[in-house]
Amino acid sequence: MGEPLYTLIYVTLILVFAFFYVGIVFNPTELADNMRKMAGSSRHPAGPHHSEHVSKILKRLTFIGAVYLALVCLLPEWMIAVFTSIIWAGDRVVV
């Protein structure tokens with residue numbers, strides 16, 4: 001806990017698994033076809049570049065979400081490192 005290598009591995013695994021999960025759950029080509037059928041996108045209404053656009057947006061959103069998740073996961077460890085005199089038990093943090 002608090003070691004730089006541990007933190008780096010922890011954040012890297014969060015990022016990798018976030019992209020892995022989005023890669024399994026979302027298929028950009030299928031999502032673009034469904035949006036095209038329902039006329040859900042007015043910016044890129046049709047064409048082969050539509051799925052590339054959706055893929056680019058998914059990558060950006062996944063990166064932002066993964067960084068946020070990593071920060072939320074690291075916040076308790078940083079608080080423990082900074083405030084060592086306070087005991088951070090789970091029930092005390094909730095209250």
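Since the structure is predicted, the reported quantities are computational estimates derived from the model, not experimental observations.
Hydrophobic clustering, with ILVMFWY side chains joined whenever heavy atoms are under 4.5 angstrom apart, groups Leu71 together with Phe19. When hydrophobic clusters are built by joining Ile, Leu, Val, Met, Phe, Trp and Tyr residues whose side-chain heavy atoms come closer than 4.5 Å, directly or via intermediates, Val11 is not grouped with Val16. In the hydrophobic clustering of ILVMFWY residues, with side-chain heavy atoms under 4.5 Å counting as a link, Trp78 and Leu69 come out together.
For the atom pair Lys59 NZ and Ile64 CD1, the distance stands at 14.5 Å (nearest 0.5 Å). Note that OH of Tyr68 and CZ of Phe63 are 15.5 Å apart. Values are rounded to the nearest 0.5 Å. The distance from atom CG of Asn27 to atom OG of Ser55, rounded to the nearest 0.5 Å, is 9.5 Å. A distance of 12.5 Å separates CZ in Phe26 from CD1 in Ile57, rounded to the nearest 0.5 Å. For the atom pair CD of Glu3 and CD1 of Ile9, the computed distance is 10.5 Å after rounding to the nearest 0.5 Å.
When all heavy atoms of Ile14 and Ala66 are compared, the closest pair comes out as CG2-O, 3.8 Å.
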Please walk me through it: do Thr62 and Leu15 pass side-chain contact (heavy atoms from CB on, under 4.5 Å)? CA-CA 9 Å; Thr62 303; Leu15 291 171; over 6 Å; no

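The side-chain heavy atoms of Val22 and Phe17, taken from C-beta on, include no pair separated by under 4.5 Å.
In this structure Tyr10 satisfies the ring-ring contact (aromatic ring centres under 6.0 Å, His included) test together with Tyr6, sequence neighbours excluded.
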